[in-house]
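On a predicted model such as this, the values are computed, not experimentally measured, just so you know.
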Amino acid sequence: MSQVKIVFFASLKESLGQGEAFIELEGPTSIEEIKQKLNVILDKPDPLFEDGIQCSIDYEFARDSSKVDPSTVKEIAFFPPVTGG
């Protein structure tokens, strides 16, 4: 098992009441599966499944179907939709 750091930004950080968490993964796991595990660990009403929530794996955008290899991944981040001007 390997431990992966999870970081939450902006409104997610506020709604979860924390800026980071750690999760133990046994092998390659999809972002969708990680979100489900985090919902149980954090005991919060599904903020990671709200519309528009974005994710990155080691600073690169990812999808729910993206796989995380805990032996190589250092950080997963979740954040609300990004806007710019």
Side-chain angles (χ1 to χ4, degrees):
M1 266 194 188
S2 295
Q3 192 175 63
V4 177
K5 182 178 181 179
I6 311 291
V7 182
F8 308 106
F9 290 100
S11 59
L12 269 180
K13 180 179 178 178
E14 292 172 18
S15 66
L16 292 171
Q18 63 191 76
E20 64 182 36
F22 292 87
I23 190 168
E24 293 282 338
L25 301 176
E26 291 184 28
T29 307
S30 72
I31 291 296
E32 177 78 20
E33 293 168 318
I34 290 169
K35 288 165 70 172
Q36 291 170 359
K37 288 181 183 200
L38 285 169
N39 273 349
V40 172
I41 293 167
L42 300 172
D43 194 28
K44 299 290 181 180
D46 301 332
L48 296 174
F49 289 97
E50 292 176 5
D51 285 340
I53 296 299
Q54 304 283 319
C55 177
S56 68
I57 300 171
D58 286 339
Y59 310 105
E60 293 190 26
F61 280 101
R63 299 177 185 266
D64 282 353
S65 61
S66 299
K67 292 286 187 179
V68 173
D69 181 346
S71 67
T72 60
V73 169
K74 302 277 191 255
E75 179 181 281
I76 299 167
F78 291 100
F79 45 93
V82 178
T83 60

Crowded around Asp43 CG? As in, over 12 foreign heavy atoms under 6.0 Å?
no
The reported gap from CD in Glu26 to OG in Ser2 (rounded to nearest 0.5 angstrom) is 10.0 Å
The reported gap from CG in Leu48 to CZ in Phe78 (rounded to nearest 0.5 angstrom) is 5.5 Å
Given the rule in the side chain to side chain contact (heavy atoms under 4.5 Å, CB included) test, do Leu25 and Ile34 qualify, once you have shown the distances and angles that lead to the verdict? CA-CA 9 Å; Leu25 301 176; Ile34 290 169; 4.0 Å; yes
CZ of Arg63 to SG of Cys55, rounded to nearest 0.5 Å, is 11.5 Å
CG of Asn39 to CG of Leu16, rounded to nearest 0.5 Å, is 8.5 Å
Given the options Met1, Lys37, Gln3, Lys5, Ile23 meets side chain to side chain contact (heavy atoms under 4.5 Å, CB included) only with Lys37
> Does CZ belonging to Phe22 count more than 12 external heavy atoms closer than 6.0 Å?
Replying inline: yes
| Exam field: side chain Thr72 to backbone Pro70, donor-acceptor pair closer than 3.5 Å | no
Correct closest heavy-atom pair for Glu20 and Gln18 would be O-NE2, 2.9 Å
When you compare the side chains of Ser11 and Glu14, does any donor N or O come within less than 3.5 Å of an acceptor on the partner?
no
* Are Phe8 and Phe79 joined in one hydrophobic group, where the rule is that I, L, V, M, F, W and Y side chains link up if heavy atoms are under 4.5 Å apart? -> no
(Q) Tell me whether Asp64 contacts the main-chain N or O of Ile31 through its side chain, where contact means a donor paired with an acceptor under 3.5 Å. (A) no
* Within 45° of the six-membered ring axis of Phe49 and under 6.0 Å from that ring's centre, is NZ or CZ of Lys35 located there? -> yes
Between Ser30 and Ser65, is any pair of side-chain heavy atoms under 4.5 Å apart? no
Ile57 reachable from Val7 in the ILVMFWY side-chain graph, under 4.5 Å edges: no
Distance col, row Ile53:CD1 vs Leu12:CG, nearest 0.5 angstrom, shows 4.0 Å
Transitive ILVMFWY side-chain link Ile76 to Phe61, under 4.5 Å: no
- According to a 4.5 Å side-chain heavy-atom criterion applied to Ile, Leu, Val, Met, Phe, Trp and Tyr, with indirect links allowed, do Phe9 and Val4 form part of one hydrophobic cluster? no
